Every structure is written in C-alpha cells, then in structure tokens.
Visitor: 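One structure is given below, represented as structure tokens, and several questions about it will come after.
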There are 2 protein chains.
Amino acid sequence: MNKSELIDKISESTGVSKADTERVLKGFEEVAQQIVATGGDKLTLTGFMSIEQVHRKARTGRNPQTGATIQVPASNAVKLTPGATLKDIAKGKRQPS
Amino acid sequence: MNKSELIDKISESTGVSKADTERVLKGFEEVAQQIVATGGDKLTLTGFMSIEQVHRKARTGRNPQTGATIQVPASNAVKLTPGATLKDIAKGKRQPS
DNA sequence: GTCGATCAGTTCGCTCTTGTTCATCGGGAT
DNA sequence: ATCCCGATGAACAAGAGCGAACTGATCGAC
C-alpha cells in the first residue's frame, strides 16, 4: 500500500476530504522530522507508535559490491517503536478497531 | 510530546480543524492495525516510514523480578522502518521540511 | 474528573537490524 | 506526462532490540 491508497482509505472511513487527509499526514511527517532533527523530545501515540532520535555507536560496515570494509562513524538515527495495542493485533491477541 | 500536542501542532500548521486532524490520525492508526493484523501487505510512506507484520522465532525470555527463564513462542510482530529522508534528518544531513 | 489502558524500567540470551554502494524500478511532486 | 527521489537487495561484523512479569506514573476516551 502506498500513500495514495492510504489517503483513499482514511478519507473513506473518516469522511475527511482527501486534500485535508493529505495535509494532516504531511503535518504528522513534519512533526516527526522535527522530533528526530532535534532529539530533545519523543513523540508517543499511546498504543500505536513512538518516534525518537537515538544515538548509534561507530562500527564496521561493508561495501556489498566489493566486500571492502568501511568505517561507519557514530551518528544519530531514528527509532520507531510500535505500541502495545499494535503489537497485540499483530500477534492475534486482539482485533483491529 | 503526546497525542494532544501533536494534534495541536498539525492543526496549527495545516489549518485543518483539530477534530478532523484527530479523525485522520485515528484513521491512519486503523489502517496500520489492518496491515499488521493480516500481514499480507506492507504500508510504505516514501521517505517517512513503512509498517508491516513480520514473524519472530521462538526464544527464551526472562522474568526480570525473579530471573526465571520463560519460553517465548514464535509469533507475529510489528516492524516499523524509518525512510531515508527521516534518517537523513536525524543524522543532520538534511533539514526538516 | 474518572479510571482502564498503556508506558517505562528492570535482566539477559538470543534474534534481528544496521550502514556502507549502486543499479533498477516505482512513487509522487509538479 | 515528466523526471527526480527513494525503495529494494546484495555481504557481514557488531550494535541494538526483543519479550517475558510486574509496578508506579501517565495518557486519553468518556
């Protein structure tokens, strides 16, 4: 499923226009970008997901074409964590809304 | 940041009412739940994130209070993957929109 | 304002992910 | 319709996350 299909589905089920649905998703993405850009806060949507910036240690990577090892420097990364409700649905312990 | 704060921010920046913003986020969550409940499809929001159901092997867990080991059966889990744009923003390689 | 649901933190052995480069193909902004 | 950007997959060593059970704190639906 891609973005267009998602917007169609959300618009159908909520009655919100596709244009506004798209604006809200874009707004959500921009807030997520601000969260991971600054790292000072964490966004938690209870039962759904959380989004935060985390730090990753330096380590060894590899060029898949040549097999040469490459030093990957320490840097910031994105951590997306599913919430309990979403996990329970994936496990079959619970039904989607 | 929690859900209320997120809705305020999105509503402010997009001009969409808080009520509609909340409906769209709820709709997005419900679609994500359908994706991880069935496992047949994967939702990809290019540059932002993707959401899918994955399978996890059985393994050993532990009760942190008693230290007793517990067998955790194989089951389905949720995989949330950040997209390239979000990752680049976390690394500082790129500015948020 | 209430109260049920969820989060965060705890241990630890093992599973899973990470990031590198690059060609190809699809998405999606315009 | 066009075309630039991002997803995908390849190898792999090492980093990071997972999930159990439980509890106090917080969230958010009503």
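No hydrogens, no waters, no symmetry mates; every other heavy atom, side chains included, goes into these values. Values in this document were obtained by computation on a predicted structure and should not be read as measured data. Below, read A as the first sequence line, B as the second, and so on, with proteins coming before strands; counting in each chain starts at 1.
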Visitor: Rounded to whole Å, how long is the line connecting atom CE of A:Met49 with atom P of C:dC7?
Guide: 12 Å
Visitor: Please name all residues satisfying side-chain hydrogen bond (donor to acceptor under 3.5 Å, both in side chains) with B:Lys9, sequence neighbours left out, ordered by chain then number.
Guide: A:Gln34
Visitor: Want to settle it: does A:Thr60 or A:Phe48 sit nearer the 5' end of DNA chain C, counting the closest nucleotide to each?
Guide: A:Phe48
Visitor: May I ask you to list the residues of residues 74-87 of chain B, by number, that have any heavy atom positioned under 4.0 Å from an atom of DNA chain C?
Guide: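 Contacting residues: B:Lys79, B:Lys87.
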Visitor: Can you tell me how far CE of A:Met1 sits from CG of B:Leu45, rounded to the nearest 0.5 angstrom?
Guide: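 Nearest 0.5 Å value for the CG-CE distance: 10.0 Å.
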Visitor: Report the distance from atom CD of A:Glu30 to atom C1' of C:dA29, rounded to the nearest whole Å.
Guide: 14 Å
Visitor: Using heavy-atom distances to pick each residue's nearest nucleotide on DNA chain D, tell me which of B:Lys42 and B:Arg62 is more 5'.
Guide: B:Lys42
Visitor: Is there any ring pair (Phe, Tyr, Trp, His ring centres under 6.0 Å) pair reaching into residues 59-97 of chain A, and which pairs are they, with sequence neighbours excluded?
Guide: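 Counting only pairs at least two positions apart or across chains, no ring pair (Phe, Tyr, Trp, His ring centres under 6.0 Å) contact touches residues 59-97 of chain A.
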Visitor: Give the table of side-chain donor-acceptor pairs shorter than 3.5 Å for residues 50-60 of chain A, with sequence neighbours excluded, one pair per line with atom names and distance.
Guide:
| residue | atom | partner | partner atom | Å |
| --- | --- | --- | --- | --- |
| A:Gln53 | NE2 | A:Val36 | O | 2.8 |
| A:His55 | ND1 | A:Ser75 | O | 3.4 |
| A:His55 | ND1 | A:Asn76 | OD1 | 3.0 |

Visitor: Could you tell me whether A:Gly47 contacts a base, only the sugar-phosphate backbone, or nothing, with contacts defined as non-hydrogen atoms closer than 4.0 Å?
Guide: sugar-phosphate
Visitor: Just the rounded figure in Å: distance from C1' of D:dC18 to CD1 of B:Ile70.
Guide: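 B:Ile70 atom CD1 is separated from D:dC18 atom C1' by 14 Å.
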Visitor: From C-beta outward on A:Arg59, which listed nucleotide comes closest to its side chain: C:dT18, D:dA10, C:dG13?
Guide: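 Shortest atom-to-atom distance from the side chain points to C:dT18.
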Visitor: Report, one line per pair, each donor and acceptor closer than 3.5 Å where one atom sits in a side chain of residues 23-32 of chain B; sequence neighbours left out.
Guide:
| residue | atom | partner | partner atom | Å |
| --- | --- | --- | --- | --- |
| B:Arg23 | NH1 | B:Asp20 | OD1 | 2.5 |

Visitor: Summarise how protein sits on nucleotides 22-30 of chain D as a single string, 5' to 3': B when a protein heavy atom is under 4.0 Å from the base, S for sugar-phosphate-only contact, - for no contact.
Guide: B----SSS-
Visitor: Quick one: which residue pairs count as a ring pair (Phe, Tyr, Trp, His ring centres under 6.0 Å) with a foot in residues 61-97 of chain A, not counting sequence neighbours?
Guide: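 Not a single pair qualifies under ring pair (Phe, Tyr, Trp, His ring centres under 6.0 Å).
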Visitor: Please round to the nearest 0.5 Å and tell me the distance separating atom CZ of A:Phe48 and atom NZ of B:Lys3.
Guide: 9.5 Å
Visitor: Who are the side-chain hydrogen bond (donor to acceptor under 3.5 Å, both in side chains) partners of A:Asp8, not counting sequence neighbours?
Guide: A:Lys18
Visitor: Using residues 77-97 of chain A as the side-chain source, report each donor-acceptor pair under 3.5 Å to any protein atom, sequence neighbours left out, with the distance given to one decimal.
Guide:
none

Visitor: Passes side chain to side chain contact (heavy atoms under 4.5 Å, CB included), A:Thr21 versus A:Ser11? Steps please.
Guide: CA-CA 6 Å; A:Thr21 297; A:Ser11 184; 4.1 Å; yes
Visitor: Using atom types as modelled and distance alone, determine if a side-chain donor or acceptor of B:Thr44 lies under 3.5 Å from a backbone N or O of B:Thr46.
Guide: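 Checked: no pair found.
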Visitor: With ring pair (Phe, Tyr, Trp, His ring centres under 6.0 Å) as the rule and sequence neighbours excluded, what pairs involving residues 68-97 of chain A come up?
Guide: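 Matches after skipping sequence neighbours: none remain.
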Visitor: Whole angstrom is fine here: how far is it from CG in B:Leu43 over to C1' in C:dG26?
Guide: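 It is 15 Å, rounded to the nearest whole Å.
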Visitor: Does the side chain of A:Leu43 reach to within under 4.5 Å of the side chain of B:Leu6, using non-hydrogen atoms?
Guide: yes
Visitor: Under 4.0 Å, heavy atom to any atom of DNA chain D: which of residues 50-57 of chain A qualify?
Guide: A:His55, A:Arg56, A:Lys57
Visitor: Please list residues of residues 88-97 of chain A whose heavy atoms come under 4.0 Å from any atom in DNA chain C, ordered by number; otherwise none.
Guide: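 Heavy-atom contacts with DNA chain C come from A:Arg94.
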